[in-house]
**Student:** 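Provided herewith is a single structure, encoded as C-alpha coordinates, for subsequent inquiry.
None of the values given here were measured: they were computed from a predicted structure. Just the heavy atoms: all of them, side chains too, but no hydrogens, waters or symmetry mates, feed the values below. The sequence lines fix the lettering, A, B, ..., with proteins before strands; numbering per chain opens at 1.
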Amino acid sequence: QQQVKQSPQSLIVQKGGISIINCAYENTAFDYFPWYQQFPGKGPALLIAIRPDVSEKKEGRFTISFNKSAKQFSLHIMDSQPGDSATYFCAASRGGNTPLVFGKGTRLSVIA
Amino acid sequence: GAVVSQHPSWVICKSGTSVKIECRSLDFQATTMFWYRQFPKQSLMLMATSNEGSKATYEQGVEKDKFLINHASLTLSTLTVTSAHPEDSSFYICSARGDRSYEQYFGPGTRLTVT
(Lines give C-alpha, C1' and ligand atoms only; values in the text may rest on other atoms or scores of the structure.)
Protein backbone atom coordinates (compact mmCIF):
# COMPACT_ATOMS: atom_id res chain seq x y z
CA GLN A 1 0.00 0.00 0.00
CA GLN A 2 1.56 3.24 -1.15
CA GLN A 3 0.86 5.88 1.45
CA VAL A 4 2.18 8.84 -0.55
CA LYS A 5 1.43 9.02 -4.26
CA GLN A 6 3.50 11.41 -6.35
CA SER A 7 2.93 12.64 -9.88
CA PRO A 8 4.12 13.08 -12.53
CA GLN A 9 6.98 10.58 -12.77
CA SER A 10 8.85 12.94 -15.08
CA LEU A 11 8.45 16.54 -16.10
CA ILE A 12 10.02 18.72 -18.76
CA VAL A 13 9.73 22.47 -18.31
CA GLN A 14 11.05 25.38 -20.32
CA LYS A 15 13.52 27.70 -18.62
CA GLY A 16 11.60 30.43 -16.84
CA GLY A 17 8.44 28.34 -16.59
CA ILE A 18 6.65 26.95 -13.55
CA SER A 19 7.28 23.36 -12.45
CA ILE A 20 4.44 21.73 -10.51
CA ILE A 21 4.70 18.40 -8.72
CA ASN A 22 1.79 16.88 -6.84
CA CYS A 23 1.48 14.46 -3.95
CA ALA A 24 -1.48 12.82 -2.25
CA TYR A 25 -1.45 11.02 1.06
CA GLU A 26 -3.79 8.60 2.79
CA ASN A 27 -2.83 8.64 6.45
CA THR A 28 -4.59 11.52 8.24
CA ALA A 29 -2.13 11.15 11.13
CA PHE A 30 0.65 12.64 8.97
CA ASP A 31 1.53 16.11 10.22
CA TYR A 32 4.77 16.99 8.47
CA PHE A 33 5.25 17.25 4.72
CA PRO A 34 8.75 17.95 3.35
CA TRP A 35 10.09 18.09 -0.16
CA TYR A 36 13.58 16.88 -1.03
CA GLN A 37 15.78 17.59 -4.03
CA GLN A 38 18.27 14.95 -5.14
CA PHE A 39 20.99 15.23 -7.76
CA PRO A 40 22.53 12.06 -9.28
CA GLY A 41 24.97 10.37 -6.93
CA LYS A 42 24.08 12.66 -4.01
CA GLY A 43 21.92 12.38 -0.94
CA PRO A 44 18.54 14.13 -0.83
CA ALA A 45 18.58 17.74 0.36
CA LEU A 46 15.70 19.20 2.35
CA LEU A 47 14.14 21.89 0.18
CA ILE A 48 11.06 23.10 2.00
CA ALA A 49 8.52 21.64 4.41
CA ILE A 50 5.05 22.43 5.71
CA ARG A 51 2.87 21.53 8.69
CA PRO A 52 -0.92 21.14 8.26
CA ASP A 53 -1.76 24.33 10.16
CA VAL A 54 -0.93 26.47 7.10
CA SER A 55 -2.08 26.20 3.50
CA GLU A 56 0.96 27.64 1.80
CA LYS A 57 4.64 28.23 2.46
CA LYS A 58 7.03 30.08 0.23
CA GLU A 59 10.81 30.12 0.27
CA GLY A 60 12.39 31.96 -2.61
CA ARG A 61 11.26 30.35 -5.87
CA PHE A 62 9.82 27.31 -4.08
CA THR A 63 6.25 27.16 -2.76
CA ILE A 64 4.34 24.37 -1.06
CA SER A 65 0.57 24.41 -1.36
CA PHE A 66 -1.29 22.23 1.12
CA ASN A 67 -4.92 21.10 0.98
CA LYS A 68 -5.80 19.25 4.17
CA SER A 69 -9.34 18.31 3.18
CA ALA A 70 -8.19 16.82 -0.11
CA LYS A 71 -5.11 15.25 1.52
CA GLN A 72 -2.92 16.73 -1.17
CA PHE A 73 0.14 18.94 -1.32
CA SER A 74 2.20 20.28 -4.16
CA LEU A 75 5.54 21.89 -4.94
CA HIS A 76 5.71 24.86 -7.28
CA ILE A 77 9.05 25.99 -8.66
CA MET A 78 8.77 29.46 -10.15
CA ASP A 79 11.13 30.72 -12.86
CA SER A 80 12.55 27.22 -13.30
CA GLN A 81 16.24 27.07 -14.19
CA PRO A 82 18.41 24.34 -15.76
CA GLY A 83 20.13 24.02 -12.38
CA ASP A 84 16.81 22.88 -10.93
CA SER A 85 17.01 19.72 -13.04
CA ALA A 86 16.97 16.95 -10.44
CA THR A 87 14.72 14.35 -8.87
CA TYR A 88 12.22 15.68 -6.35
CA PHE A 89 10.67 13.58 -3.62
CA CYS A 90 7.70 14.44 -1.47
CA ALA A 91 7.40 12.80 1.92
CA ALA A 92 5.21 12.68 4.99
CA SER A 93 5.57 11.65 8.59
CA ARG A 94 3.72 11.52 11.89
CA GLY A 95 6.53 13.27 13.70
CA GLY A 96 8.40 11.98 16.73
CA ASN A 97 10.74 9.13 15.86
CA THR A 98 8.58 7.88 13.00
CA PRO A 99 10.33 7.64 9.64
CA LEU A 100 9.41 9.60 6.55
CA VAL A 101 7.23 7.93 3.95
CA PHE A 102 8.46 8.91 0.50
CA GLY A 103 6.74 9.31 -2.83
CA LYS A 104 8.32 7.61 -5.82
CA GLY A 105 9.96 10.78 -7.09
CA THR A 106 9.68 13.12 -10.06
CA ARG A 107 12.53 13.64 -12.51
CA LEU A 108 12.48 17.28 -13.54
CA SER A 109 14.31 18.49 -16.61
CA VAL A 110 14.45 22.22 -17.26
CA ILE A 111 15.44 22.96 -20.83
CA ALA A 112 16.72 26.23 -22.22
CA GLY B 1 20.43 23.33 7.30
CA ALA B 2 22.15 20.79 9.49
CA VAL B 3 25.07 18.76 8.13
CA VAL B 4 25.30 14.99 8.00
CA SER B 5 28.42 13.27 6.69
CA GLN B 6 29.01 9.73 5.51
CA HIS B 7 32.22 7.78 5.12
CA PRO B 8 33.31 6.36 2.81
CA SER B 9 31.60 7.97 -0.17
CA TRP B 10 32.27 4.87 -2.23
CA VAL B 11 33.69 1.44 -1.54
CA ILE B 12 34.45 -1.66 -3.57
CA CYS B 13 34.77 -4.95 -1.74
CA LYS B 14 35.00 -8.62 -2.58
CA SER B 15 32.15 -11.02 -2.05
CA GLY B 16 32.15 -12.49 1.45
CA THR B 17 33.84 -9.57 3.15
CA SER B 18 32.24 -7.03 5.50
CA VAL B 19 31.98 -3.29 5.01
CA LYS B 20 31.32 -0.58 7.59
CA ILE B 21 29.70 2.74 6.70
CA GLU B 22 29.77 5.65 9.13
CA CYS B 23 27.16 8.36 9.44
CA ARG B 24 27.86 11.47 11.52
CA SER B 25 25.77 14.50 12.44
CA LEU B 26 28.31 17.33 12.44
CA ASP B 27 26.49 20.24 14.05
CA PHE B 28 23.59 18.76 15.99
CA GLN B 29 22.77 15.84 18.23
CA ALA B 30 20.89 13.15 16.35
CA THR B 31 18.60 11.25 18.68
CA THR B 32 17.28 9.26 15.74
CA MET B 33 19.08 8.07 12.64
CA PHE B 34 17.69 6.25 9.65
CA TRP B 35 19.36 4.07 7.06
CA TYR B 36 18.06 3.86 3.50
CA ARG B 37 18.95 1.96 0.39
CA GLN B 38 18.35 3.37 -3.05
CA PHE B 39 18.45 1.59 -6.41
CA PRO B 40 18.99 3.54 -9.64
CA LYS B 41 16.06 5.74 -10.59
CA GLN B 42 14.04 4.57 -7.62
CA SER B 43 12.85 6.07 -4.38
CA LEU B 44 14.49 5.61 -1.00
CA MET B 45 13.81 2.33 0.76
CA LEU B 46 13.95 2.53 4.55
CA MET B 47 16.07 -0.23 6.04
CA ALA B 48 16.05 0.62 9.74
CA THR B 49 15.50 3.26 12.39
CA SER B 50 17.95 3.63 15.25
CA ASN B 51 17.74 5.64 18.44
CA GLU B 52 20.85 6.45 20.40
CA GLY B 53 21.66 3.78 22.93
CA SER B 54 19.02 1.30 21.86
CA LYS B 55 18.66 -1.47 19.31
CA ALA B 56 17.69 -0.57 15.79
CA THR B 57 14.22 -1.28 14.46
CA TYR B 58 14.44 -3.03 11.10
CA GLU B 59 11.86 -2.85 8.33
CA GLN B 60 10.18 -6.01 7.19
CA GLY B 61 12.38 -7.99 4.85
CA VAL B 62 15.66 -6.45 6.02
CA GLU B 63 18.00 -9.02 7.57
CA LYS B 64 19.22 -7.61 10.87
CA ASP B 65 22.07 -10.11 11.06
CA LYS B 66 23.32 -9.01 7.67
CA PHE B 67 22.91 -5.27 8.11
CA LEU B 68 24.25 -4.46 11.57
CA ILE B 69 23.38 -1.01 12.82
CA ASN B 70 24.97 0.66 15.82
CA HIS B 71 24.01 4.09 17.18
CA ALA B 72 26.47 4.40 20.02
CA SER B 73 26.46 8.17 20.39
CA LEU B 74 24.31 11.17 19.55
CA THR B 75 26.50 11.99 16.57
CA LEU B 76 27.48 8.62 15.12
CA SER B 77 25.69 5.65 13.63
CA THR B 78 27.29 2.83 11.69
CA LEU B 79 25.95 0.31 9.20
CA THR B 80 27.96 -2.86 8.69
CA VAL B 81 27.14 -5.03 5.71
CA THR B 82 28.31 -8.48 6.70
CA SER B 83 29.34 -11.18 4.24
CA ALA B 84 28.54 -8.88 1.34
CA HIS B 85 27.33 -10.30 -1.96
CA PRO B 86 26.92 -8.66 -5.37
CA GLU B 87 23.19 -8.20 -4.76
CA ASP B 88 24.08 -5.93 -1.82
CA SER B 89 25.61 -3.45 -4.26
CA SER B 90 23.60 -0.27 -3.91
CA PHE B 91 23.57 3.35 -2.78
CA TYR B 92 23.25 3.54 1.00
CA ILE B 93 22.12 6.80 2.57
CA CYS B 94 21.73 7.75 6.21
CA SER B 95 19.67 10.54 7.68
CA ALA B 96 19.47 12.12 11.11
CA ARG B 97 16.88 13.91 13.16
CA GLY B 98 17.41 15.94 16.29
CA ASP B 99 15.40 15.73 19.47
CA ARG B 100 11.93 17.30 19.26
CA SER B 101 12.59 18.11 15.62
CA TYR B 102 10.66 17.17 12.52
CA GLU B 103 13.46 17.97 10.07
CA GLN B 104 15.43 15.03 8.77
CA TYR B 105 18.78 15.66 7.12
CA PHE B 106 20.48 13.25 4.79
CA GLY B 107 24.09 12.33 4.30
CA PRO B 108 25.70 12.36 0.85
CA GLY B 109 25.39 8.60 0.47
CA THR B 110 27.81 5.69 0.07
CA ARG B 111 28.09 3.75 -3.17
CA LEU B 112 28.83 0.09 -2.38
CA THR B 113 30.00 -2.24 -5.12
CA VAL B 114 30.53 -5.89 -4.28
CA THR B 115 32.57 -7.86 -6.80
Side-chain angles (χ1 to χ4, degrees), chain A residues 1-11 21 23 29-54 57 59-60 62 64 66 85-109, chain B residues 1-7 9-10 21 23-25 28 30-54 56-60 62 71 90-113:
Chain A
Q1 181 186 11
Q2 187 184 353
Q3 294 192 58
V4 179
K5 293 184 178 180
Q6 183 172 346
S7 63
Q9 275 189 315
S10 62
L11 181 62
I21 305 170
C23 281
F30 288 147
D31 64 351
Y32 174 67
F33 304 89
W35 285 90
Y36 286 87
Q37 178 189 58
Q38 185 179 30
F39 293 103
K42 306 293 184 183
L46 180 61
L47 202 57
I48 188 173
I50 199 168
R51 300 290 306 281
D53 52 343
V54 296
K57 183 175 182 180
E59 290 184 1
F62 301 94
I64 297 180
F66 183 79
S85 297
T87 299
Y88 292 81
F89 293 96
C90 64
S93 79
R94 292 182 282 118
N97 290 334
T98 61
L100 291 169
V101 178
F102 282 89
K104 291 192 173 183
T106 297
R107 298 188 75 186
L108 171 65
S109 295
Chain B
V3 180
V4 176
S5 69
Q6 268 183 255
H7 178 80
S9 56
W10 59 270
I21 302 170
C23 176
R24 294 181 185 274
S25 57
F28 68 103
T31 51
T32 307
M33 287 186 166
F34 305 88
W35 285 95
Y36 295 84
R37 186 173 179 177
Q38 187 177 36
F39 293 103
K41 298 184 181 180
Q42 292 190 22
S43 189
L44 293 87
M45 184 184 79
L46 179 67
M47 299 176 66
T49 300
S50 74
N51 293 295
E52 184 265 337
S54 57
T57 301
Y58 291 81
E59 294 299 298
Q60 191 173 9
V62 178
H71 190 169
S90 190
F91 192 52
Y92 292 88
I93 317 173
C94 71
S95 70
R97 178 187 287 163
D99 190 27
R100 291 188 290 275
S101 171
Y102 279 85
E103 290 80 16
Q104 189 176 151
Y105 298 96
F106 284 81
T110 296
R111 173 74 58 194
L112 170 64
T113 301

**Student:** What's the shortest heavy-atom distance between A:Y32 and B:Q104, and which atoms?
**Tutor:** OH-N, 4.5 Å
**Student:** Using non-hydrogen atoms and a 4.5 Å limit, figure out which bit of A:L46 sits close to chain B: side chain, backbone, both or neither.
**Tutor:** side chain
**Student:** In terms of heavy-atom proximity below 4.5 Å to chain A, should B:Q42 be classed as side chain, backbone, both, or neither?
**Tutor:** backbone
**Student:** Could you have a look at A:G41, A:A49, A:P40 and say which one has the most heavy-atom pairs with chain B under 4.5 angstrom?
**Tutor:** A:G41
**Student:** Please identify, among A:P99, A:S93, A:G105, A:P34, the residue contributing the most non-hydrogen atom pairs under 4.5 Å to chain B.
**Tutor:** A:P99
**Student:** What's the shortest heavy-atom distance between A:Q38 and B:F91, and which atoms?
**Tutor:** NE2-CE2, 4.2 Å
**Student:** Roughly how far, to the nearest 0.5 Å, is the CZ atom of A:F89 from the CD atom of B:Q38?
**Tutor:** 5.0 Å
**Student:** If you count heavy-atom pairs within less than 4.5 Å of chain A, which of B:R111, B:E103, B:R97 leads?
**Tutor:** B:R97
**Student:** Which residue in the set B:Y105, B:Y36, B:F106 passes side chain to side chain contact (heavy atoms under 4.5 Å, CB included) when paired with A:P44?
**Tutor:** B:F106
**Student:** Do B:S43 side-chain atoms and A:G103 backbone N/O form a donor-acceptor pair below 3.5 Å?
**Tutor:** yes
**Student:** Quick check on B:Y102 against chain A: is it the side chain, the backbone, both or neither that has a heavy atom closer than 4.5 Å?
**Tutor:** both
